> 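Pasting in a structure now, in structure tokens, and then I'll have a few things to ask.
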Amino acid sequence: MKAHTRKILDKSFTGMGFMSVILLTLSLVIVLGPIFVRGIQAFLFFDTVEYRRMQLDLFDRGDPEEVKAELDEVWAERRFIYDTIAAFEEQVENEEIENSWEYPEKIDSLNDSLKALFGPRPDEPEPVLPRDRYGETRWDRAQQTFKLVMYKEQWDYSDPSAMGSKVLVPRIDSFRGTTVEQIFPYMEENLEKLMLPEFTFYWQFLTDKSHDIHFFGGIGAEVLGTFYLVIGTMLFAIPIGVIAAIYLAEFAKEGKIVSLLRTAISTLAGVPSIVFGLFGLAFFINTMEVSQSKSVLAGSLTLTLLVLPTIIRAAEEAILAVPKAYKEASLSLGASKLYTILKVILPAAMPGILTGIVISMGRAAGETAPIIFTAAVSVGQPLGLFETLNQPTMALPWNIYNLVTEHEAVDQIRHVQFGMVFTLVLLVVVLNFAAIVLRARISKKLRG
Amino acid sequence: MSQTDAKNVRVSKMQLSKDSIHQKKILNPETEKGHVISEDFSVFYGNTEAIVKANLSMPAKKVTAIIGPSGCGKSTVLRAINRMNDLIPGCYAKGKLIFDDEDIYSQYTDVVLLRKRIGMVFQKPNPFPKSIFDNIAFGPRLCGIRRKSDLQEVFEKSCRQAALWDEVKDRLEDNALGLSGGQQQRLCLARALAVDPEILLMDEPTSALDPRATSKIEDLIRELRGTYTIIIVTHNMQQAARVSDYTAFFYEGVLIEFAPTSELFTNPREKKTEEYITGRFG
Ligand SMILES: Nc1ncnc2c1ncn2[C@@H]1O[C@H](COP(=O)(O)OP(=O)(O)OP(=O)(O)O)[C@@H](O)[C@H]1O
Ligand SMILES: [Mg+2]
């Protein structure tokens, strides 16, 4: 090959490699960017006075005096709206207005939209469900809901050949020429005074349990459940995996059985994770009966099967990569094989083993399918340590899926969904980062 | 010990009877006591016989050098003595290799105990990736010494023996891999000495070192002579001449000649030996 063809080939290869790295980075940014930006909004956002009331009621946070003062303040502002409507209602009842028959429905609709924004009035009886007890707690949500106060959603079926389409009709048009007309510009002008938005850092999102299935509160139960699952998995997977790796690397005599074993491990790594889930249900719960039904224990055992191949392979490679000279030195000093493995080979292989372990931790934290049948529930309480033996748990991956697809008010809790995804991604990133740092530190210590 | 002497006589007699005249003057049984004695000792790698029926008796508390061209089986002999060859799949031995009246390859030998009594220094310095102190304390800890003060005592003693003390006394907790190659090799020597072995095996201990580090190791070997039985494999004939009392010359797995070093180098009995030491091959 001529020199310059070789050069061109070299260059184009470098270019292609560079391009693919750029592409990968870009797609990562495109995917992770929005997750991060929106996920952060579960922690950092503008809250409203309703949020402060909710935090005081449900979590006992905040200064009661202050919250009361704020409530008095906003209700003084809101008073005007409700008084105007009440006066108008009276007029309608007494039929002092033209076409008064058409107003009750409109007023009801207006009142509903106001209730969604401001919550029930202080003089109303307290609703049972927390979600009905408070108005919009987040400023971004409040602005959206406010739109539904200003505009009424209607379905337009005028074109019979197409599906009905949603149109927004200004509510003010329904009340033209009445006293109620004036509340709309009033609200538009004074929305901040009506809600008192304030910037807040809600780090307790990570630790708070949810109220009224994630309408309020945080994801503490999910985070805790995920930790239980990861730690439980590691409790089983690390000893089994490392011992298996030691056996394969140091004791196994190459032969049919061992090569069969290796093939089995590789195959295990390629099995779809839902199969592990079904196996976990059939084996650990139905056959072994480690627990009556789903439990953290059963889920951990199932996840153990899932991550074992990763740990075994990483550990075996790390052990095989330990220079033979260390082993020879140890044996020549009169160390037994076991002592050599424990005191010389394993410490030297530690960076590789740890990497495998931390990567599998990330996997155990993020896998959904294996825990569907074995450990996860959508609604529940944070578990105590010993309840993990026989109680199912909430967990980040499953509850993300659940909140996005099955929740009754999917649209109202977007921030929770993104917050959960963000937390999970962050957890995995932090774990991987920890792996890198740990690896570097131990390698440095080994290298001297 | 008289038993060993008796054995020596027997071995010598046996060797005499085996028409190998050149081995007649191997040892003077009156003054030299064989510490490691091989009788028709062979080592196989699978089907190939790497050592062919070697008969030799390496004297106690003296330095024995093993020389020969590359691939002649020097390392194989050496690694047979502490049974490091066991690590190689398919490697086995025939004949007898006697150490302290016991056959090293007998089925009753406790390999772990054997290796505690026979230290080894390898071709490439191979300190553990641990602190200097932990490297040397490895053997003593293995023997059950736990107390810090005891360990420190052993540490200092072996370091002084290996002429390493001054260089490491202020950096006990540093990683051993941060030492220079020569220091690392002396550390390995100190590590082997820390278990107080009877025999020191050295497989080309200076081949990875520069001349200055080499001469330091050679000085050490001369100093340790008289305290330990030292068996050293070397490629370097000057080195063998400088440090050893006895020299064994192997060629293609066969022990060609075994004699006091001065004799072997000045007045070799075998033609092969002469060819080798005059540099005609190898
Ligand atoms: N692990 C092994 N498997 C098979 N054959 C081996 C093995 N190790 C050594 N041999 C063979 O045994 C013979 C002796 O090898 P040995 O390593 O003892 O030579 P040596 O004299 O130490 O050589 P060098 O001076 O190069 O170190 C050689 O022919 C070599 O090919
Ligand atoms: Mg060799």
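Keep in mind it's a predicted model, so treat the numbers as computed, not measured.
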> For B:Pro197, is it the side chain, the backbone, both or neither that has a heavy atom under 4.5 Å from a heavy atom of chain A?
neither
> With a 6.0 Å cut-off (strictly less than), is the heavy-atom count around CZ of A:Arg441, excluding the residue itself, greater than 12?
no
> Please classify the contact between B:Val112 and chain A as side chain, backbone, both or neither, with a heavy-atom cut-off of under 4.5 Å.
both
> For B:Phe122 versus B:Asn126, what's the shortest heavy-atom pair and its separation?
CD1-ND2, 3.4 Å
> Check the surroundings of atom NZ in B:Lys61: do more than 12 heavy atoms from other residues, nucleotides or ligands lie under 6.0 Å from it?
no
> Need one label for B:Lys130: side chain, backbone, both or neither, based on atoms under 4.5 Å from any heavy atom in chain A.
side chain
> Is B:Arg83 close to chain A through its backbone or its side chain, or both, or neither, when contacts mean heavy atoms under 4.5 Å?
neither
> Just wondering, more than 12 heavy atoms not from B:Gln152 lying within 6.0 Å of its CD?
yes
> For B:Leu87, is it the side chain, the backbone, both or neither that has a heavy atom under 4.5 Å from a heavy atom of chain A?
side chain
> How about A:Leu28: does its CG atom have over 12 heavy atoms from other parts shown lying under 6.0 Å from it?
yes
> Applying a heavy-atom distance below 4.5 Å, give me the residues of residues 298-334 of chain A that approach chain B, sorted by number.
A:Ala325, A:Tyr326, A:Glu328, A:Ala329, A:Ser330, A:Leu331, A:Ser332, A:Leu333, A:Gly334
> Is it the backbone or the side chain of B:Ile118 that comes under 4.5 Å from a heavy atom of chain A, or both, or neither?
backbone
